[in-house]
K.L.:
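Questions regarding the structure given below will be posed in turn.
Numbering of ligands and ligand atoms starts at 1, following listing order.
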Amino acid sequence: MARFTDKVAIITGSSNGIGQATAVLFASEGAKVTITGRNSDRLEETKKLLLKANVPETNINVVIGDITQESVQETLIKTTLDTFGKIDILVNNAGAGIPDAQGKSGVNQSIDTYHKTFELNVQSVLEMTQKARPHLAKTQGEIVNISSIGAGPAAQVANPYYSIAKAALDQYTRTAAIDLVNENIRVNSVSPGAVSTGFSSVSRGLDDEKSKKMYEYLGSQRECIPRGFCAVPEDIAKVIAFLADRNASNYIIGQTIVADGGTSLILGAHAHGAKLVEAV
Ligand code: NDP
C-alpha cells in the first residue's frame, strides 16, 4: 500500500514550485489533495501534472485564492471536508519575499512591506493551523511548515522582513508542536536553501530566463552551495513527505530539517580555504 493511501492533505502554495511538487508526490503515493494558490492557470497546470501522474480526478480539490484572506482559508477547510470527509495533513508552504514597493533594502524597507511579508509568511500559517486544528485532532494528523535557511543565523540585508518572518515561523513551529502534541498532532518544518522555483521571480523580480541563470550560477559556486547545485522542488517535497509520514518520523516533534546542500555550514573564512594561507 502506498504510504499516503487514505490520507487527505491540504498543501498551500501548490500552484508552483515546492508546493506543486509536494502535491504531485503526495497524490502519487495515494493522498487526496487540496491544491491552492491565486494563479488559476498555474493551479490548472498542477492539476494536469496530477492527472498525468495517474491521480484520479476525484482525489483532487482545487481552491483558487489568496491564503491571507480568511474567506479563502475557510473555503480550504470546508471544501476539503465536504470533498474528502477529513483532514490528515496540512502543509503550510505558501510564502514569498515581498518586494519593497520603493525598492529599498535593509532597515529602510517600509512598514507596509513588513506587514505584507508577515501576513503571508507567518499570520496565514497561524490562521490555517487554528482552523485545521480540530480536524487534525480527530485524525491525529501532521503539520509541516516551510521555513527557510534565511531565518538565520546569517543576516539577510537584502530582504530582512522575509528572513525575520521565517525566524518567527521557526519559533511558532516549536511552540505549536509542544501545544498540539497533547492532541497527538505533530508539527515540524523544513528549511530549504536555494531551490529552483518561481521564488526569485517574485522576490527579486527576475523573469524565468534570468531566474534560471541565477540558480545555475549560484549552484556552480561551491562557496555558496557545497553540494554543487541548486535543489529542485522534488528534493524538498521528499523531506516534507518524510515529516508528514508518521510511520517514518513519528518521534520527531517541533524540529526543522535543513535541506540546503550545505549552504548554512559555510562561513566566509571557509570559502577562501587554502587561499587564506597563500594571502599572508
Ligand atoms: P514559488 O514562488 O515557486 O511558489 C510559491 C507558492 O506560494 C505559489 O504556489 C504561490 O501561488 C503561493 N503563494 C504566494 N503568495 C500567496 C498568497 N498570497 N496566497 C496564496 N498563495 C500564495 O516559490 P517556492 O516554491 O520556492 O516557495 C515555497 C515555499 O518555500 C515558500 O514558503 C518559500 O518561502 C520557501 N522557500 C523557498 C526557497 C527557494 O529558494 N525557492 C528557499 C527557502 C524557502 P500563487 O502565485 O498562485 O498565489
K.L.:
State whether a side-chain donor-acceptor pair under 3.5 Å links Ser14 with Gln20.
P.N.:
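No, Gln20 and Ser14 have no side-chain donor paired with an acceptor closer than 3.5 Å.
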K.L.:
Please tabulate, one pair per line, all N/O donor-acceptor pairs under 3.5 Å involving side-chain atoms of residues 161-169, not counting sequence neighbours.
P.N.:
unit_1, atom_1, unit_2, atom_2, d
Tyr161, OH, Gln109, O, 2.7
Ser163, OG, Pro160, O, 2.9
Lys166, NZ, Ile146, O, 2.9

K.L.:
Below 4.0 angstrom, N of the basic side chain to O of the carboxylate: do Lys7 and Glu29 qualify?
P.N.:
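Salt bridge: no.
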K.L.:
State whether a side-chain donor-acceptor pair under 3.5 Å links Asn188 with Arg174.
P.N.:
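No donor-acceptor contact under 3.5 Å links the two side chains.
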K.L.:
Which ligand 1 atoms are under 4.0 Å away from a heavy-atom of Leu120?
P.N.:
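Result: 15 (N), 16 (C), 17 (C), 18 (N).
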K.L.:
Heavy-atom contacts with Gly17 under 4.0 Å: which atoms of ligand 1 show up? List them by number with element.
P.N.:
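Answer, ordered by atom number: 3 (O), 25 (O).
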K.L.:
Under 3.5 Å between some N or O of ligand 1 and some N or O of Ser148?
P.N.:
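There is no such contact.
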K.L.:
Please determine whether side chain to side chain donor-acceptor pair (under 3.5 Å) holds for the pair Gln73 and Gln69, giving the CA-CA distance in whole Å, both sets of side-chain angles, and the decisive distance to 0.1 Å.
P.N.:
CA-CA 6 Å; Gln73 298 165 5; Gln69 302 297 309; over 6 Å; no
K.L.:
Which of the atoms of ligand 1 are close to Ala194, meaning less than 4.0 Å from one of its heavy atoms?
P.N.:
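So the atoms of ligand 1 that pass are 40 (O).
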K.L.:
Take a 6.0 Å sphere around CZ of Arg227 and say whether it holds more than 12 heavy atoms from other residues, nucleotides or ligands.
P.N.:
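Open: at most 12 neighbouring heavy atoms sit under 6.0 Å from CZ of Arg227.
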K.L.:
Which ligand 1 atoms, with their elements, are less than 4.0 angstrom from a heavy-atom of Ser147?
P.N.:
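Result: 35 (C), 36 (N), 43 (C), 44 (C).
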K.L.:
Which atoms of ligand 1 sit under 4.0 Å from any heavy atom of Arg42?
P.N.:
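Counting from 1, the qualifying ligand atoms are 45 (P), 46 (O), 47 (O).
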K.L.:
Compute the minimum heavy-atom distance from Lys166 to ligand 1 and say whether it is under 4.0 Å.
P.N.:
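A heavy atom of Lys166 does come that close to ligand 1.
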K.L.:
Give the minimum heavy-atom separation between Thr12 and Thr36, together with the two atoms involved.
P.N.:
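Result for this residue pair: CA-CG2, 3.6 Å.
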K.L.:
Closest by any non-hydrogen atom to atom 27 (O) of ligand 1: pick that one out of Gly95, Gly65, Ser200.
P.N.:
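Residue with the shortest heavy-atom distance to the ligand atom: Gly95.
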K.L.:
Is there a polar contact between ligand 1 and Gly37, counting only N or O atoms under 3.5 Å apart?
P.N.:
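Among all N and O atoms of Gly37, none is under 3.5 Å from an N or O of ligand 1.
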K.L.:
Ignoring hydrogens and angles, state whether a donor on the side chain of Asp112 or Ser110 is under 3.5 Å from an acceptor on the partner side chain.
P.N.:
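The answer is no; no qualifying pair exists.
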K.L.:
For Ile18 and ligand 1, does the shortest N/O to N/O distance drop below 3.5 Å?
P.N.:
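The answer is yes, given that Ile18 and ligand 1 share an N or O pair closer than 3.5 Å.
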K.L.:
Just jot down the ligand 1 atoms closer than 4.0 angstrom to any heavy atom of Ile146, in number order.
P.N.:
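Answer for ligand 1: 29 (C), 30 (O), 32 (O), 35 (C).
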K.L.:
Test side chain to side chain donor-acceptor pair (under 3.5 Å) on Thr46 and Ser15 and set out the steps.
P.N.:
CA-CA 6 Å; Thr46 304; Ser15 54; 5.9 Å; no
K.L.:
For ligand 1, which atoms sit closer than 4.0 Å to a heavy atom of Ser14?
P.N.:
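Those atoms are 9 (O).
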K.L.:
Would you say Gly19 and ligand 1 have an N/O pair spaced under 3.5 Å apart?
P.N.:
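No, Gly19 has no N/O under 3.5 Å of an N/O on ligand 1.
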K.L.:
Checking the N or O distance criterion of under 3.5 Å, is ligand 1 in contact with Thr68?
P.N.:
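In fact, backbone or side chain, Thr68 has no N or O that close.
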K.L.:
Mind checking the OG-CG spacing from Ser189 to Leu243? Nearest 0.5 Å is all I need.
P.N.:
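If we round to the nearest 0.5 Å, Ser189:OG and Leu243:CG are 8.0 Å apart.
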K.L.:
Ignoring hydrogens, just give me the one of Ala21, Gly193, Ala23, Ala94 whose non-hydrogen atom is nearest atom 22 (C) of ligand 1.
P.N.:
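The option holding the nearest heavy atom is Ala94.
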K.L.:
Which atoms of ligand 1 have any heavy atom of Ser15 under 4.0 Å away?
P.N.:
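In order of numbering, the contacting atoms are 8 (C), 9 (O), 10 (C), 11 (O), 45 (P), 47 (O).
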K.L.:
Quick one: which of Asn93, Val195, Leu169 has a heavy atom closest to atom 40 (O) of ligand 1?
P.N.:
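Looking at heavy atoms only, Val195 sits closest to atom 40 (O) of ligand 1.
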K.L.:
Determine whether more than 12 heavy atoms belonging to other residues, nucleotides or ligands lie under 6.0 Å from atom NZ of Lys86.
P.N.:
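Yes - once you tally the heavy atoms of other residues, nucleotides and ligands closer than 6.0 Å, there are more than 12.
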K.L.:
For residues 206-214, which side-chain N or O atoms pair as donor and acceptor with protein atoms under 3.5 Å away, sequence neighbours left out?
P.N.:
unit_1, atom_1, unit_2, atom_2, d
Asp207, OD1, Glu209, N, 3.2
Asp207, OD1, Lys210, N, 2.8
Lys212, NZ, Glu216, OE2, 3.3

K.L.:
Which bit of Gln20 is near ligand 1, meaning a heavy atom under 4.0 Å away: side chain, backbone, both or neither?
P.N.:
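Neither part.
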K.L.:
What I want to know is whether Tyr162 and ligand 1 share at least one N or O pair that is separated by under 3.5 angstrom.
P.N.:
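For ligand 1, there is an N or O atom that lies under 3.5 Å from one belonging to Tyr162.
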